[in-house]
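Each residue takes its place number in the sequence, starting with 1.
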Amino acid sequence: QVRLEESGGGLVQPGGSLRLSCTASGRTFSGHTMGWFRQAPGKEREFVAIRRSDNSKYYGDSVKGRFTISRDYATNTLYLQMNSLTPEDTAVYYCTFATSRLITSRVWNGENYDYWGQGTQVTVSS
């Protein structure tokens with residue numbers, strides 16, 4: 001069992017920055033995939049970014065160049081640094097964890113992940 005706890009969401013003006021955190025607790029898996037999806041009202045869940053246990057990283061096209069995913073192994077925390085935010089980034093952001101290192105073709109689909117956090121709201125508005 002893996003428990004994920006997110007924090008760091010909030011209200012920010014367009015062009016601003018936020019950093020989301022996701023702390024994992026429970027069982028550890030040497031091979032794993034951990035990352036972020038988001039869902040805006042009335043829209044489908046969207047892939048944001050993930051990091052695999054081999055330190056490979058993937059980003060969604062809409063966030064590439066603006067968001068950065070990183071991990072602190074000392075605190076078992078995953079971060080999502082979000083810069084140059086726009087109103088289109090407004091959504092609930094969910095941390096997710098897969099108990100294996102997903103092959104590339106499977107990282108994009110939320111159905112392949114085993115655990116999810118409760119979500120944190122990010123609102124970009126002036």
Could you grab the distance from atom [atom1] of [X] to atom [atom2] of [Y], nearest 0.5 Å is fine?
X: Tyr113; Y: Thr99; atom1: OH; atom2: OG1; value: 11.5 Å
X: Lys43; Y: Glu88; atom1: NZ; atom2: CD; value: 7.0 Å
X: Arg66; Y: Asp89; atom1: CZ; atom2: CG; value: 4.0 Å
X: Thr68; Y: Arg19; atom1: OG1; atom2: CZ; value: 11.5 Å
X: Thr23; Y: Glu6; atom1: OG1; atom2: CD; value: 9.5 Å
X: Thr120; Y: Arg38; atom1: OG1; atom2: CZ; value: 14.0 Å

| query | For atom CD of Gln118, is the number of surrounding heavy atoms from other residues, nucleotides or ligands below 6.0 Å larger than 12? | reply | yes

Do any N or O atoms from the side chain of [X] and from the backbone of [Y] form a donor-acceptor pair under 3.5 angstrom?
X: Asp72; Y: Thr77; value: no
X: Thr33; Y: Leu102; value: yes
X: Thr123; Y: Leu11; value: no

| task | Quick one: which residue pairs count as a salt bridge (Lys or Arg N to Asp or Glu O under 4.0 Å) with a foot in residues 93-107, not counting sequence neighbours? | result | Asp54-Arg101

| Which residue pairs satisfy the salt bridge (Lys or Arg N to Asp or Glu O under 4.0 Å) criterion with at least one member in residues 111-123, sequence neighbours excluded? | Arg45-Glu111

Closest heavy-atom contact between [X] and [Y]?
X: Ser17; Y: Gln81; answer: CB-NE2, 3.9 Å
X: Gly31; Y: Ser53; answer: CA-OG, 3.4 Å
X: Ala40; Y: Ala91; answer: N-CB, 3.8 Å

| said: Check for me, please, whether Tyr58 and Tyr94 land in the same ILVMFWY cluster - side-chain distances under 4.5 Å, paths through other members count. | reply: yes

Test item: [X] and [Y] side chains (from C-beta on) under 4.5 Å apart, heavy atoms:
X: Glu46; Y: Ser62; result: yes
X: Gln121; Y: Val92; result: yes
X: Arg51; Y: Ser70; result: no

| remark: Students should find that the hydrophobic cluster of Tyr93, defined by side-chain heavy atoms under 4.5 Å apart, otherwise consists of Val2, Leu4, Val12, Leu18, Leu20, Phe29, Met34, Trp36, Val48, Tyr59, Val63, Phe67, Ile69, Leu78, Leu80, Met82, Leu85, Phe97, Tyr115, Val122, Val124

| ring-ring contact (aromatic ring centres under 6.0 Å, His included) against Phe47, all qualifying residues, sequence neighbours excluded | Phe37, Trp108

| message | Does anything in residues 25-63 form a disulfide (SG to SG under 2.5 Å)? List the pairs, not counting sequence neighbours. | response | none

| note | Residue pairs meeting disulfide (SG to SG under 2.5 Å), one or both in residues 52-126, sequence neighbours left out, come to Cys22-Cys95

